[in-house]
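The structure appears right after this line, and notes come after that.
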Amino acid sequence: MTRISGKYLAKRLVVSYLTLLLIMTLLFALIRSAPGTFIDSMISPEMTRAQVERIREVWGLNEPLWKQYLNFMINYQTGEFGRSPTWRVPVWDLILRRMPRTLILFGASYIIAYLVGPLVGMYLGWWRGTQKDKTIFGTSLMVYSMPAFWLAWLFIWFFDYEMGWLPSAYMMTQFPEFEWTAFTVMTDVLTHIALPLISLSCIGWVGAMLIMRPSMNNVVDEGYVFLARAKGLDERTVMIKHAARNALIPVATGAIVGLAFLIDGAVITEAVFTWPGMGQILVEAVLNNDYPVTQAAFFMLAVLVVGMRLITDIAYTYLDPRIKFGEEN
Amino acid sequence: MATEGESTTGLESYKRAWEPRIERVRRGWDRFTEHRMGVIGLVVLTIFSLWALIPSVFAPHTPDWIAYIGYENARLTGEQIRSLPHPPAFGDPFFAPLGTDSYGRGILTLLIYSSSTAMYIGLAAGLLSSLVGVPLGLISGFYGDTWIDETIQRFVDVMYGLPFLPLLIVLVAIRGQTTTNIIIGIAVTSWLNNCIVIRGETLSLRTRAYVESAKVAGASDLRIVFRHIMPHVLPLSFVYLAQDAAAAILTQAALAYLGLADFASLSWGIMLENIQAEGYIFTAWWWLLPPGLAIMLIATAFYFIGFSMEDVTNPQR
């Protein structure tokens with residue numbers, strides 16, 4: 001039995017699409033209002049007016065703003081991202097080359113964060129108010145308050161500079177002396193990913209814990225927990241099987257929202273470890289007024305966030321029978 | 001024509017009117033001080049506030065001071081420049097309890113004089129995002145499931161679709177790199193959480209009996225929202241103000257790391273940016289550790305206060 005009416009689904013789809021259009025409009029306005037354009041760096045004082053006009057025409061900047069806006073809206077929705085003026089390659093090539101690297105690092109840290117965070121949050125929420133809870137909670141808040149790049153520096157300082165155990169830059173050894181086999185390349189990448197991954201995960205799990213702890217604490221006094229205890233189940237089973245499962249719903253929401261915030265971590269961490277991913281080029285693109293790359297990166301993130309929001313809304317109605325959408329009156 | 005007697009009764013009536021409020025605050029304070037975490041946070045924040053308000057009392061010098069030459073209009077010799085950044089030194093040749101940076105300025109001095117920037121950014125960004133988020137959340141929650149609520153929530157969705165840090169970089173790049181613009185940028189992107197939480201709280205509050213009775217008594221919507229509902233969500237909004245403040249300070253540091261800060265001012269983020277620019281990250285620990293620890297401590301203090309207040313306003317056990 002489905003609990004979602006077709007009408008509701010259609011309404012959600014339309015609203016999501018309109019949201020996306022609105023984000024794109026806002027994006028266009030924001031990026032165009034930054035001072036200067038990307039062709040500023042291509043123009044030199046010796047150029048004639050005609051040459052400058054020619055460059056503007058090649059990059060489509062001579063058209064009136066409303067036409068540029070229309071082009072942007074149509075092209076981006078059909079996946080035409082154009083060429084990057086800074087890197088001189090099609091934007092798609094840039095994204096396809098950079099995206100997997102970002103996904104490897106941040107996918108791994110995301111998984112670690114959402115494995116460790118809810119687990120710790122579960123224990124802390126279950127024993128809220130005990131000395132153990134206070135100590136661990138306070139410590140994790142302190143970790144959460146560290147500037148990410150500073151913590152990364154500390155790790156590099158110890159593991160690379162002092163001890164020389166792990167490399168701290170790039171994804172692979174730059175001028176390798178070993179033979180290129182699947183095994184050596186794998187180990188090489190793994191040693192390079194270790195430090196960024198450690199410093200990301202160190203801070204990352206706290207966010208999930210902060211959601212899980214109060215959520216767990218809310219279900220502690222629920223009737224079904226009481227019932228599970230009354231049935232004679234041991235404390236561990238009650239906590240994990242009966243309480244934690246119900247407490248996980250806000251964490252799932254948080255995980256979806258957290259996806260959008262991954263790129264914030266990417267911007268900083270990739271810069272510290274010179275990890276050649278999306279975060280690095282995003283900052284550079286923004287600072288260089290590289291419209292195509294900035295817009296493409298923002299656009300893809302927006303599609304991801306809006307799409308995930310839609311999917312979670314629908315998935316919830318199946319996961320939790322208590323949530324109902326579009327069925328009232 | 002107020003006579004002596006009348007003014008006393010006026011004072012008394014004031015006293016009577018304010019008694020329950022004072023009592024409520026006092027009880028809240030008592031519950032707050034039960035949390036050791038919150039008290040620690042408050043102590044740390046007090047110290048940083050003192051640093052921010054009267055830095056000259058705590059700092060050994062002012063930021064103009066330069067090692068070896070002090071305030072003189074003189075040049076450093078080559079040998080002196082090579083000795084910078086200087087590790088912690090007492091007595092001769094100069095007094096710098098936490099050492100100096102590569103420009104010869106005292107680390108402790110910079111640390112203390114930067115405190116005001118951090119406090120300013122934290123409090124201003126927190127207040128601004130509350131000022132935007134709380135009223136919008138109240139309105140959105142009070143008119144739940146109407147077009148007003150729908151509009152505000154769609155707008156929140158739109159803002160969530162834009163990545164936080166890159167958007168902030170764009171905003172700061174557009175408006176120029178000053179501390180005020182960074183604060184505005186942070187507030188523009190961080191009021192969303194406040195709005196959503198306050199909306200949820202308002203949604204549950206508006207069905208309460210006292211709201212219904214206010215409505216029956218003929219109170220306007222405006223009066224119900226700001227007079228009857230707002231006092232109940234304010235404690236919660238302070239919780240989020242504290243968390244926003246912590247997040248704002250961390251964000252400012254991250255922006256400084258990316259090179260987007262007002263480099264004419266002093267801040268802990270800029271101290272860290274300087275150590276990177278000068279290339280002493282792994283060799284000058286006395287320069288690397290203090291600013292990071294200061295950021296960590298002030299953000300922790302805000303978080304500690306925020307989460308303790310959450311316990312006070314929403315006692316679970």
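Lettering of chains follows the sequences in order, A, B, ..., and the numbering in each one begins at 1.
Using modelled atom types, no side-chain atom of A:Trp150 and backbone atom of B:Gly269 make a donor-acceptor pair closer than 3.5 Å.
For the residue pair B:Phe282 and A:Trp153, the shortest heavy atom distance occurs at CE2-O, 3.7 Å. When every heavy atom of B:Thr300 is checked against every heavy atom of A:Leu141, the shortest pair comes out as OG1-O, 4.4 Å. Here the shortest heavy-atom pairing between B:Leu250 and A:Pro147 reads CD2-N, 3.9 Å. Closest approach of A:Gly138 and B:Met37 over heavy atoms only: CA-SD, 4.3 Å. Contact record, B:Ile174 with A:Ser33: CD1-OG, 3.2 Å, taken as the closest heavy-atom pair. Contact between B:Pro166 and A:Leu282 at its shortest, heavy atoms only, is CG-CD2, 3.5 Å.
Between chain B and the options A:Val267, A:Leu30, A:Val306, A:Leu210, the largest number of non-hydrogen pairs under 4.5 Å is found for A:Leu30. Put simply, of A:Asp160, A:Val143, A:Val272, the one with the most heavy-atom pairs under 4.5 Å next to chain B is A:Val272.
For A:Tyr144, the parts lying under 4.5 angstrom from a heavy atom of chain B are both the backbone and the side chain. In this structure, the portion of A:Leu26 lying under 4.5 Å from any heavy atom of chain B is its side chain and not its backbone. Contact annotation for B:Phe307: only side-chain heavy atoms (C-beta onward) come within less than 4.5 Å of a heavy atom of chain A.
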